[in-house]
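For the single chain, residues carry numbers from 1 onward in sequence order. In what follows, every heavy atom counts, from backbone to side chain, and hydrogens, waters and symmetry copies are set aside.
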Amino acid sequence: MRYVQDEKPERTAEVKAWLDEEIATQQVRYETIATEMEGLQDKRNGWIARFLEIIQNKGFNVNGDLRRQITPEEIPERPDRPDADKVVW
């Protein structure tokens, strides 16, 4: 028995050219975004520190207006690797 997925149609030269152009464009976009994200690392560290301070001092809303503070023991340690803050790469 043969399935439709078993046979892949050949790509035309036009489609190959379009794919090559699209891939190159996507790579440029990715590199631009990655550079911007890496440039935000100092700000991101400040945002994280501020967030941790808020949830330990003010707490966060668990349900409605019920708040719970997070203890320092509950805060996980930041991994010691260069890509620890990368979300999508």
Could you tabulate the donor-acceptor pairs under 3.5 Å formed by side-chain atoms of residues 72-80, not counting sequence neighbours?
unit_1: Glu73; atom_1: OE1; unit_2: Thr71; atom_2: OG1; d: 3.4
unit_1: Glu74; atom_1: OE1; unit_2: Arg68; atom_2: NH2; d: 3.4
unit_1: Glu74; atom_1: OE1; unit_2: Thr71; atom_2: N; d: 2.9
unit_1: Glu74; atom_1: OE1; unit_2: Thr71; atom_2: OG1; d: 3.1
unit_1: Glu74; atom_1: OE2; unit_2: Arg68; atom_2: NH2; d: 2.6
unit_1: Arg78; atom_1: NH2; unit_2: Asp85; atom_2: OD2; d: 2.9

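Residues Phe51 and Val62 share a single hydrophobic cluster, defined by chaining ILVMFWY side chains whose heavy atoms lie under 4.5 Å apart. A chain of hydrophobic side-chain contacts below 4.5 Å, direct or via other Ile, Leu, Val, Met, Phe, Trp or Tyr residues, connects Phe60 to Ile48. Under the 4.5 Å side-chain heavy-atom criterion for Ile, Leu, Val, Met, Phe, Trp and Tyr, Trp47 and Ile54 are members of distinct hydrophobic clusters.
Partners of Glu53 under the side chain to side chain donor-acceptor pair (under 3.5 Å) rule, at least two apart in sequence or in another chain, are Arg50. For Gln27, the side chain to side chain donor-acceptor pair (under 3.5 Å) partners at least two apart in sequence or on another chain are Glu31. Asp20 is linked by a side chain to side chain donor-acceptor pair (under 3.5 Å) to nothing, counting only residues two or more places apart in sequence or in another chain. Residues passing the side chain to side chain donor-acceptor pair (under 3.5 Å) test with Asn61 are Arg67, sequence neighbours excluded. Remark: Gln26 pairs with Glu22, Arg29 by the side-chain contact (heavy atoms from CB on, under 4.5 Å) rule, at least two apart or across chains.
Two residues are said to be in side-chain contact when any heavy atoms from C-beta on lie closer than 4.5 Å; Arg11 and Leu19 meet this criterion.
In this structure, the side chain of Gln56 engages the main chain of Leu52 through a donor-acceptor pair within 3.5 Å.
We find the CD1-CD distance between Ile55 and Gln69 to be 10.5 Å, quoted to the nearest 0.5 Å.
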